[in-house]
Amino acid sequence: MGVVNVTPDSFSDGGRWFDTTVAVKHGLDLVAEGADLVDVGGESTRPGATRVDEAEELRRVIPVVRGLASEGVVVSVDTMRASVAEQALAAGAALVNDVSGGLADPAMIPVVAATGAPFVVMHWRGFLQGGNVKGVYEDVVAEVMDELHARVEAVLEGGIAPDRIVVDPGLGFSKEGEHDLTLLAHLDRLHALGHPLLVAASRKRFLGRVLAGPEAAPPPARERDAATAAVSALAAHAGAWAVRVHEVRATADAVRVARAVEGAR
Ligand code: PMM
């Protein structure tokens with residue numbers, strides 16, 4: 001899954017794909033590099049970001065979704081708003097990716113259920129607990145699994161079919177670097193949730209920390225793509241359904257190698 005952030009302020013690639021034509025071109029480039037689907041988002045979720053209003057999010061996202069879908073690209077829309085999901089699906093999106101797991105907008109689950117589109121349910125205590133809370137965990141894997149399980153139950157109750165649900169541990173969302181690493185080390189356990197797994201480590205803070213060590217300043221987001229590809233190989237090896245990344249080429253290679261190694265077992 002390649003990422004196109006149509007935002008002026010994303011932490012990892014803020015501002016680069018803000019113009020519709022440039023964003024569509026970037027999405028097509030990601031497909032040429034090996035992406036099977038492209039995730040289009042118009043709202044930054046970096047810590048401290050203020051929410052964009054609905055009209056602005058629609059203005060950013062819908063033309064890019066339409067442009068990519070009309071070129072045959074499988075598009076996912078990264079949004080916490082039901083109206084954006086609905087219009088994106090009408091414009092040709094195939095999948096809805098909601099970092100709030102359906103909690104930000106009560107209309108989200110019914111809208112997605114009515115269309116039959118697949119729905120990515122991500123773990124984020126910020127929305128479970130009504131604020132961008134810091135994650136404090138005794139057993140991060142067990143707690144993330146329990147909380148994701150509860151969200152999946154709610155999504156099922158809302159009418160989304162079981163075979164339409166994808167789960168995502170939400171790396172970096174209400175989590176410290178150590179939590180992200182522990183989750184990655186135990187991805188195999190997340191399969192017990194019974195749904196395909198999306199892993200989105202791309203350029204995230206914890207990778208900067210791993211690369212820099214405890215003392216030095218972390219490298220900027222755009223210098224974390226080799227580290228991202230390493231996680232992609234590990235995630236593919238652990239049986240992830242998809243990895244969400246900003247730079248596709250290295251990850252596509254990493255996933256191919258992981259598959260070839262699997263095939264040689
Ligand atoms: N992370 C970001 C945005 N959308 N969606 C899912 N499903 N999972 C994630 O971890 C996730 C996401 C933030 O990253 P970005 O601003 O660099 O795109």
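Ligands are counted one by one from 1 in listed order, and the atoms in each one are counted from 1 as well. Throughout, residue positions are numbered sequentially from 1 according to the sequence presented.
- The pair R59-E56 counts as a salt bridge, with a side-chain nitrogen and a carboxylate oxygen less than 4.0 angstrom apart.
- In this model, no donor atom of one side chain and acceptor atom of the other lie less than 3.5 Å apart for E247 and T228.
- With a 4.0 Å heavy-atom cut-off, ligand 1 is reached by no atom of R203.
- Ionic pairing of R249 and D253 is not present here: no N-O contact between side-chain nitrogen and carboxylate oxygen is shorter than 4.0 angstrom.
- Both I109 and I165 belong to a common hydrophobic cluster when Ile, Leu, Val, Met, Phe, Trp and Tyr are linked at side-chain heavy-atom distances under 4.5 angstrom.
- Of all the heavy atoms of N5, the ones lying under 4.0 Å from any atom of ligand 1 belong exclusively to the side chain.
- Here the shortest heavy-atom distance to atom 9 (C) of ligand 1, taken over A200, A221, P169, belongs to A200.
- Around atom CG of D188, more than 12 heavy atoms belonging to other residues, nucleotides or ligands sit under 6.0 Å away.
- Evaluated by nearest non-hydrogen atom to atom 4 (N) of ligand 1, the leading choice among V166, D180, T7, D78 is D78.
- By the neighbour-count criterion of 12 heavy atoms within 6.0 Å, atom CD of E153 is densely surrounded, having more than that number from other residues, nucleotides or ligands.
- Taking every heavy atom of L198 and a limit of under 4.0 angstrom, the matching atoms of ligand 1 come to 7 (N).
- Across V99, D98, D39, heavy-atom proximity to atom 12 (C) of ligand 1 is greatest for V99.
- Considering both main-chain and side-chain atoms, S202 never comes within under 3.5 Å of ligand 1 through any nitrogen or oxygen pair.
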